[in-house]
Amino acid sequence: MSRKPIVGGNWKMNTTLATGADLARGVIEQAGALTGDVDVAFFVPFPYLTGIGSTLQDTGSGIALGSQDVYFEEKGAFTGEVSTSMLQDCGVKTVLAGHSERRHVIGETDELVNKKVLATLAAGMESVLCVGETLEQREAGETDAVNEKQARAGLEGVSDGQFARVTIAYEPVWAIGTGKTATPEDAQAAHEKIRAVLADLYSEDLAQACRIQYGGSVKPGNAAELFGQPDIDGGLIGGASLKADDFSAIIKAAAESKK
Ligand code: PEP
C-alpha cells in the first residue's frame, strides 16, 4: 500500500509572529511546491494561528495550519482553554493530541488525550495522536507495550470512518529534543508493531492506509534513511522545523521517500 508521506513542524513555544511568518514564507518558497507529494502542516502557537493562517492563505500554499493542542469541551468556564470551533475559526485543519511534553510536562492522561482526539474528529478536523516510551520504559523493554496502551486508549471510541482522519506519531520521549534518534531499524520495528495494533483495532486495510510518522531529533541528515523504512510515513519535527532550510530539506526527503 502506498501512503502519502506526512510531515509536521511542531513549533512548540517558539517564534514571534514576525519570525513565524518569515519561517512559513521560507518553507513555502523552498518546499511549498511539494505538497502534492507530501502533506505538510505547521503546528503553531495559539496566539499566532490567525496570523500564520493568513500567510498560508496569501501565498496560496497547500501547507495546513495545525494546532498543538485543544480542549474537548465546546465552550464555557474553562479558563485558558481553546475549543475545536475556535481553532476552526482560525483555519486549523489538524490538531496534535498527547504530545510527550503535554503528557510528561503538563501531566495529561490517556483519558484526557482520548477526549481531545474524539473532539477533534467530531469537529471534522484531522488528529495526530502521539505515542512513545520514556527512556526508563525503553530500558525495561516496554516500548511496544507503552505504544500499544497509548494507541488503544487514545483511539477508544474512534469509528472506522473517523480513523481515516487519524495520523499516529511515534515519538520515543528520550529522542525528542535530545539529538538522539532511534535507529531506522528500531523505529521501523516500533512502527510495524503499532500498525499491527491498528489492524487489530480496525482492519488490515485501514491499518495499512494509516500514516505513522516518526518524531525524535529528525534532521536533514537522517530524514531520508528514516523515511525510507517501509512503515515510516514521514515525520513530526520539533527543533529542525524552526529553520526553513532544514525543514524544507526534510520535506524534500519525505517527498522522495515513497517514489
Ligand atoms: C517533537 O517535538 O515532536 C519533536 C520530535 O522534537 P525534536 O524534533 O526537536 O526532537
Side-chain angles (χ1 to χ4, degrees), residues 5-15 19-20 23 27 31 38-46 48 52 63-70 94-108 113 116-117 120 126-135 137-138 143 146-147 150-151 154 166-184 186-188 190-191 194 211-227 229 231-254 257:
I6 180 164
V7 172
N10 177 11
W11 294 2
K12 309 193 183 186
M13 200 168 72
N14 292 300
T15 78
T19 61
L23 174 59
V27 174
V38 46
D39 285 336
V40 181
F42 296 136
F43 294 92
V44 171
F46 287 147
Y48 306 149
I52 301 300
I63 295 177
L65 186 65
S67 172
Q68 298 171 20
D69 193 22
V70 67
T94 175
V95 184
L96 297 182
H99 188 276
S100 75
E101 286 144 22
R102 298 219 55 90
R103 291 180 190 268
H104 299 291
V105 181
I106 313 292
E108 290 193 6
V113 172
K116 293 182 175 192
V117 170
T120 299
E126 297 189 6
S127 176
V128 179
L129 171 63
C130 306
V131 302
E133 83 285 5
T134 62
L135 184 58
Q137 291 166 329
R138 183 175 195 83
T143 298
V146 170
N147 288 339
Q150 292 180 351
V166 172
T167 296
I168 305 289
Y170 167 57
E171 302 204 295
V173 180
W174 50 271
I176 298 179
T178 58
K180 293 182 190 151
T181 318
T183 64
D186 282 351
Q188 163 59 25
H191 281 228
I194 293 167
R211 274 98 52 99
I212 306 178
Q213 50 183 183
Y214 171 79
S217 298
V218 177
K219 304 273 183 275
N222 60 20
E225 208 186 349
L226 285 160
F227 301 164
Q229 300 297 312
D231 284 289
I232 301 184
D233 307 311
L236 182 56
I237 320 297
S241 76
L242 296 172
K243 294 181 190 139
D245 292 357
D246 285 1
F247 192 57
S248 302
I250 291 169
I251 295 169
K252 286 175 194 161
S257 67

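This structure is a prediction, so every number in the text was calculated from the model and none was measured. Keep in mind that the numbers below use all heavy atoms, side chains included, and drop hydrogens, waters and symmetry copies. Just so you know, ligand 1 is whichever comes first in the structure, and atom 1 is the first atom listed for that ligand.
- The shortest separation from a heavy atom of Ala240 to ligand 1 is not under 4.0 Å, leaving the residue out of contact.
- Not a single donor-acceptor pair under 3.5 Å links the side chain of Gln68 to the backbone N or O of Leu96.
- The aromatic rings of Phe42 and Trp11 sit tilted, their planes meeting at an angle between 30° and 60°.
- Interface atoms of ligand 1 facing Ser217, defined by a heavy-atom separation under 4.0 Å, are 7 (P), 8 (O), 10 (O).
- Using modelled atom types, one side-chain atom of Asn222 and one backbone atom of Ser217 make a donor-acceptor pair closer than 3.5 Å.
- At a 4.0 Å heavy-atom cut-off, ligand 1 touches Ile176 through backbone and side chain alike.
- Distance alone, capped at 3.5 Å, is enough to place a donor-acceptor pair between the Gln213 side chain and the Ile6 backbone.
- Side-chain N or O atoms of Thr19 include none that pairs as donor or acceptor with a backbone N or O of Thr15 at under 3.5 Å.
- Ligand-side atoms of ligand 1 in range of Glu171: 1 (C), 3 (O), 4 (C), 5 (C), range being under 4.0 angstrom from any heavy atom.
- Looking at Gly177 next to ligand 1, an N or O pair under 3.5 Å apart turns up.
- Nearest non-hydrogen protein atom to atom 8 (O) of ligand 1 is Gly238 N, 2.8 Å.
- The atoms of ligand 1 that sit less than 4.0 Å from any heavy atom of Gly216 are 5 (C), 10 (O).
- The single protein non-hydrogen atom nearest to atom 1 (C) of ligand 1 is His99 NE2, 3.2 Å, given as residue, atom name and distance.
- The backbone of Ala175, and not its side chain, has at least one atom closer than 4.0 Å to an atom of ligand 1 (non-hydrogen atoms only; backbone = N, CA, C, O).
- For ligand 1, the atoms lying closer than 4.0 Å to a non-hydrogen atom of Gly215 are 5 (C).
- Taking any N or O of Thr178, backbone or side chain, none lies under 3.5 Å from an N or O belonging to ligand 1.
- The main-chain N or O of Ile194 is never found under 3.5 Å from a side-chain atom of Tyr170 such that the two would form a donor-acceptor pair.
- Checked by atom type and distance alone, the side chain of Arg103 pairs as donor or acceptor with a backbone atom of Cys130 at under 3.5 Å.
- One option in Gly239, Gly9, Ser241 has a heavy atom closer to atom 9 (O) of ligand 1 than any other, and that option is Gly239.
- By the 6.0 Å contact criterion, NZ on Lys219 is enclosed, its count of non-hydrogen atoms from other residues, nucleotides or ligands being greater than 12.
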